[in-house]
There are 2 protein chains.
Amino acid sequence: MKSELRTVLFLLLAFIYIETSAQNQPVDYVNPFIGTSNFGTTNPGPIAVRGMANVSPFNVAGPQNLPLEKDSRWLSTPYIQENTFLTGFSHVNLSGVGCPELGVILAMPTTGELETDHLKYGSTYSEEKATVGYYSNKIDKYHIKVEATATTRTGVSKYHFPAGKSNILLNLGLGLTNEEGAMVKVVSPTEIEGVRSVGSFCYYKPDEAYPVYFVARFSKPADEFGVWKKPRKYNGVEAQWFLKNGKARIKKGHTKEIIGDSIGAYMRYDFDKPSVVEMKIGVSYVSIENARENLEKETSTRTFDQILAESKETWNTYLSRIEVEGGTDDDKRIFYTALYHSLIHPNTLNDYNGEYPKMKTRETLKTEGTRYTTFSFWDTYRNLHQLMSLVYPKQQSDMVKSMLQIYDESGWLPKWELNATETTTMVGDPAGVIIADTYLKGIRDFDVEKAYKAMRKSATQLDNNPLRPGIQDYINKGYLTTKTTKSGSVSTTQEYNVTDFAIAQLAKELGKKSDYKMFSKRAISYRKLFSKEFNLLRPKNDDGSWLTPYNPEAGANFVKNLGFIEGNAWQYTFMVTHDVKGLMKLMGGHRAFSNRLQDVFNKNQFDMANEPDISYPFLFNYVKGQEYKTGEKVSELLKKHFKNTPDGLPGNDDTGTMSTWAVFSMMGIYPVSPAEDKYALFSPVFDKVTIHLDSAYYTNDKIEIVKVAKSKNSNTIRSVKADNQSHPKFFISHKKLTNTDFLNIYIE
Amino acid sequence: MKSELRTVLFLLLAFIYIETSAQNQPVDYVNPFIGTSNFGTTNPGPIAVRGMANVSPFNVAGPQNLPLEKDSRWLSTPYIQENTFLTGFSHVNLSGVGCPELGVILAMPTTGELETDHLKYGSTYSEEKATVGYYSNKIDKYHIKVEATATTRTGVSKYHFPAGKSNILLNLGLGLTNEEGAMVKVVSPTEIEGVRSVGSFCYYKPDEAYPVYFVARFSKPADEFGVWKKPRKYNGVEAQWFLKNGKARIKKGHTKEIIGDSIGAYMRYDFDKPSVVEMKIGVSYVSIENARENLEKETSTRTFDQILAESKETWNTYLSRIEVEGGTDDDKRIFYTALYHSLIHPNTLNDYNGEYPKMKTRETLKTEGTRYTTFSFWDTYRNLHQLMSLVYPKQQSDMVKSMLQIYDESGWLPKWELNATETTTMVGDPAGVIIADTYLKGIRDFDVEKAYKAMRKSATQLDNNPLRPGIQDYINKGYLTTKTTKSGSVSTTQEYNVTDFAIAQLAKELGKKSDYKMFSKRAISYRKLFSKEFNLLRPKNDDGSWLTPYNPEAGANFVKNLGFIEGNAWQYTFMVTHDVKGLMKLMGGHRAFSNRLQDVFNKNQFDMANEPDISYPFLFNYVKGQEYKTGEKVSELLKKHFKNTPDGLPGNDDTGTMSTWAVFSMMGIYPVSPAEDKYALFSPVFDKVTIHLDSAYYTNDKIEIVKVAKSKNSNTIRSVKADNQSHPKFFISHKKLTNTDFLNIYIE
């Protein structure tokens, strides 16, 4: 019955899809190549909404790909648009990150004799195509057409082989990073299972490496199968005796585990005519059994084409939560691709059966909802979760619940959690901001008291506090000093301020008055680091003196400096959006503030690719008479950095943060201050944006943002009406926005 | 009920053991240190009769053990008596072999802080003791007393820790060879499971490396546990970024698999008083599940002391199949230790449930009887199987059945089979000799027609014949030439002759007359290589000319030479025991033969450590009037080479072949010509030897060999009586021997 229902549903969906595709659905505007160049570090491979599996073409290994070769430089993506030498398709990947990790379980179809060295079996490719949930190319050397799609936890490939001898290689030695160690076993002529060690994100915390499990199933039984191992080369006397020293060993027909650093398995076919083999690879972070169950439950007996159609339909359902009208075709492509990128990470960690690994010790636990992972909170606390709260509140709720699971398991909220490991990369303590923002926006189906306790813990525990290094100086002096940390004393102080502001807001809402007072006071301690001399923030030494000599420009382009992480004083000073009025006062009033802000742009200190800056353009909304500049800057930045091209992202997508900036910016609203109930309003790109609201969380079923523009090329906001009532300011609260049917933004 | 019965049985056995131990049972005479020096390559660790598991102290790693360090030279044993630096206890080991293999699953108890580098945690040791099924020492550095025992598939250790912090390390990185790759997982605070890759016996056929599985259980739950991994050191730019580059990573509390070349797991305790932890490690060549079942079924809830008592009792049952009287205490120790060594290999491959890996592909198969492995047939065809047929015929029958399983699985009989891989080391095609000898001795409960077909296949298949390289020349010319092979053309010809003789004998028994004729003719083709000039065998060239110049001494001490494998002309010429009369004729009669044989000894060309020579001393029995020399030589060789000391074996025990030589020699009977129903008779060491016969194969229940000696120091055999009837010759057939109650050997 169930499978009958499924078939009916499938046919129905397929019908709807075909029926409507003529009109160009949101899904049709996604261009998965955006961000695959200019260090965007996205990949064009198919992935389900917040999928665990992703089939990415892998073209970063081998001298053929220099200078963008994975071992020759810091490189954090399995695919780069400019590269040409393909060595397979990796089945677990990160999207838009700045650190190398995953990029493993590499499958590669070849023809002719068995060759297991990727430098030899690799090939150029052509006829590349990518749409939502679909990727295809032709491997030149072998004349094999490859197509790929994916479910949440399964990568599905379709290999079109010519007649003759063909191979499907599963290379567990090759990967994006140099983390090594794998086990693989051929279970039958149609199944391979295995484990691969991954970890050491950012070349950091190798101790927390962990396994990813997989099961690969093949639609045609292999005529021959086997495994291989390339062992380390022996030295000394043993090298003289050892035959095949350092050479790959092929073990034809072997049915037991093979284990080692450089190993793989193969299926081999001898086709008398051109033939198609479909391969499904289920993955899991819990066990091989779960990988198998994920594969079976998610793909059942469905074909590649059925799975692809379902994937597209699901994506379309998600993307259609926001409908846009007007704008160019490229605008729509940029918008929906950005929205697509915001739906990749955080991604699903739990298996189909709900099981997922516990933080650190990796015991098997079970979740009710989705356990999300890949929490790059230093990035995403600034806008991505705000987008989720508005458009996908159920997801945001599950993300908060996942954060609380992590707290239960490890004693601490996450900072940069990845597959049940805490990478503790970047600075600050951003989890609290996300939780407060979510709760204050009315998404409250989680244990807020527990959440508050967890936030408060990292804000107050003085010893052995992994989330807030330097907390003692922060509390005693109000800031970290050049003695507290060699890197980013000012920016870390600012991050703690932002979180303390968020805690204060939540404390207020929960009636915790003394906490509200305490954290509100703490939240503005950055003021002590404001230098009148430079009219910018400036590091202080342990004795309270200013860091001298001081060059506020130092620190741009990721150069390490004492005061700021990944930035300089220009790029951080305005990152106090919770205290804009305070900063204005420090700077000498509205005009001084607005001039200094304009200086950032004039002096070319604004870095679109760097999170601390991304709210800067919207700060003009705080200055009466200067609001028009917001629209101007946003329009300019969108045009310059966000394009319908592979280099169409300003840099790392930062797990969707950059893309989310574009999504909000193109809609004319931006959540300018995290944990503050406030969107900046400015000129949207589109004539009309319809945001469908989730009835489980909101009473209104949609918001329509309408641009009423006198001139086509103007960005100058003049006035706003909400449901035809005049709206006094160029900010709107979340509550008012979500209770508004029509938000008219008037542009001259 | 079952466990009650078991307890009763145990108490009964313990009682019997205590009761009888006062009288010194066979088991009490075994000295497991014999053969642990002088390259005997036995180890003193406990092992069950033909056990798969063996807990050997491992003292061959680290510069502290130079010059006998495992990586600095060819070294094939986990333990050497002279060495002093212990780095653990390995749980699968080979005994008495000349090639490095196994020596893995290393456990080591330590105290204090966790240290995972064996060069740092290793220690000297003292108070070493070893008896059958038992080994004990004290690890100096940690003041830990270690005791060990074993069941067939489980190593059992007892660690006596002092108060304080203690660790039990399972190091899967370290091993006797450099074969690498392992997976380990802590299942619970009392259980660890894992897989280790082994293989590359003799640094050969690395392609056929295979996994050994294990489960370790601990009597006390660990207070802390974890795994570690020491990854490869990164080079290039990545080395700059990578924290802890090349350093061991400790993963405390980790409960998922860790995989890699250099990994391990640990259990950690904090004892408030001196405490004992018992550890059981079950092993399997099929799966982790089977390793667990092996452990559970074989040890159940029994304690170390119960398992030890059972092990000793089982050993005693086996060893008591031969009882000796007279002789010195050392004679008994040498004898029973030799018998003990003959019961180690071949060893059990199948799991408790009967499962074992298929040859090469390692699919799981199931056996009814025992599937034996470690078939070093080039060694053991000469005497060990003959001892088995006489004293342990059920084991010999199962060994033949195992050979036929291997034939069924791989298409060929084994040559040097090891854990379901065919190492194809050494020369010749010895399986047929063993099968024929077994059948002709009346052990016939196997499919002889299949066996004959298999033997005939390797003797006749001209192409792609892995067992008889050079077969075309052998059949066409009667011998291999210096062109056929660069190493051992003469000795290989001799080996094929011996096997063809065996096939002929079996053909005759099975009524295959034309085969009998053909193989009988083939069996004496070595004669074509007899050089009148040298009165020895000599290699021939492809054109039939003699190899010139020719130095018959070349080739001693394992120096490679064209004619002979591991030997020279002196050491091979008499290895035609199936054609002694023919050789006599070639040499010019009885006297010339006997003089030439004496020359071997006089010229110091006899090598007790080398198999081709080991029947030489008994050949004097073929020369009327010279028979006394057999007893003389045997006595002299026993005294010189077989001692109750660590260097008490002449060299590699060769999976019991050397020890079996001693067993037969000390009993006064020797199976001088394989597949020929003939024991040479000479002076036994003991006054009386009682061989108990297996009623399933023999009608008599025992044979008593009685030495009737006039003078204490004489070895000169004068006459023999069988059941008080005069026996005309100094040979006796197997049939007559096993039907004789009393064999009196008269010595003057």
Side-chain angles (χ1 to χ4, degrees), chain A residues 71-74 100 177-183 195-197 199-200 202-211 213 226 228-229 231-232 234-238 240-245 247-261 263 285-287 357-358 360-364, chain B residues 71-74 100 177-183 185 195-197 200 202-211 213 226 228-229 231-232 234-238 240-245 247-261 263 285-287 357-358 360-364:
Chain A
D71 295 327
S72 68
R73 61 183 296 153
W74 191 286
T177 77
N178 277 328
E179 178 63 27
E180 287 178 313
M183 183 281 286
V195 191
R196 175 56 149 87
S197 184
S200 308
C202 298
Y203 296 89
Y204 188 54
K205 286 204 179 177
D207 297 353
E208 301 197 357
Y210 54 94
Y213 305 86
W228 78 81
K229 177 173 184 172
R232 212 181 288 207
Y234 294 4
N235 296 315
V237 289
E238 286 162 317
Q240 301 163 23
W241 304 318
F242 199 49
L243 297 165
K244 296 187 154 195
N245 189 14
K247 285 189 190 147
R249 313 165 177 180
I250 309 284
K251 296 157 80 72
K252 186 173 152 183
H254 194 81
T255 62
K256 287 279 183 289
E257 290 86 348
I258 189 157
I259 305 166
D261 284 340
I263 63 160
Y285 290 94
V286 172
S287 66
K358 183 178 169 182
K360 201 152 186 171
T361 65
R362 307 195 82 75
E363 285 147 278
T364 302
Chain B
D71 295 329
S72 68
R73 61 183 298 155
W74 191 286
T177 76
N178 277 327
E179 177 64 27
E180 287 179 313
M183 183 280 284
K185 179 178 162 182
V195 191
R196 174 57 149 87
S197 183
S200 307
C202 298
Y203 296 91
Y204 188 55
K205 287 204 179 175
D207 297 354
E208 302 197 354
Y210 55 93
Y213 306 86
W228 77 82
K229 178 174 182 171
R232 214 181 288 208
Y234 294 4
N235 296 314
V237 289
E238 286 162 318
Q240 301 162 25
W241 304 317
F242 200 49
L243 296 166
K244 295 189 156 193
N245 189 14
K247 283 187 193 151
R249 313 166 177 178
I250 309 285
K251 297 159 80 69
K252 187 173 151 183
H254 195 79
T255 62
K256 287 278 184 287
E257 289 84 349
I258 188 157
I259 305 166
D261 283 339
I263 63 160
Y285 289 94
V286 172
S287 68
K358 185 179 167 181
K360 201 152 186 171
T361 64
R362 308 196 80 77
E363 287 148 278
T364 301

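In what follows, every chain begins at residue 1, and chains take the letters A, B, ... in the order their sequences are listed. We use all heavy atoms of the structure for the numbers below, so side chains are in, but hydrogens, waters and symmetry mates are not.
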Identify which of B:A248, B:A209, B:P357, B:G260 forms the greatest number of heavy-atom pairs closer than 4.5 Å to chain A. B:A209
Given the options A:P231, A:S197, A:S200, A:P100, which has more heavy-atom pairs under 4.5 Å with chain B than any of the others? A:S200
Carboxylate-amine/guanidinium contact A:E180 B:K229, below 4.0 Å: no
Measuring from atom NE2 of B:H254 to atom CG of A:D207, what distance do you get when rounded to the nearest 0.5 angstrom? 11.0 Å
Min side-chain heavy-atom separation B:D261-A:R232 under 4.5 Å: yes
Could you look at A:S72 and say if it's the side chain, the backbone, both or neither that has a heavy atom under 4.5 Å from chain B? backbone
Residue part contacting chain B, namely of A:Y213, when any heavy atom lies under 4.5 Å: side chain
NZ of A:K360 to NZ of B:K252, rounded to nearest 0.5 Å, is 8.0 Å
Which residue out of B:V195, B:T177, B:I258, B:D71 racks up the most heavy-atom pairs below 4.5 Å with chain A? B:D71
Side-chain touch A:P211/B:K185, heavy atoms, less than 4.5 angstrom: no
Donor on one side chain, acceptor on other, B:K256 and A:S287, under 3.5 Å: no
Proximity breakdown for B:I250 and chain A, heavy-atom pairs closer than 4.5 Å: backbone
Any donor-acceptor N/O pair, A:T255 side chain to B:T361 backbone, under 3.5 Å: yes
Interchain contact, A:P206 with chain B, by part (heavy-atom threshold 4.5 Å): both
In chain order, what residues pass the side-chain hydrogen bond (donor to acceptor under 3.5 Å, both in side chains) check against A:Y210, with sequence neighbours excluded? A:E101, A:N419
So which part of A:W74 gets closer than 4.5 Å to some heavy atom of chain B, the side chain, the backbone, both or neither? both
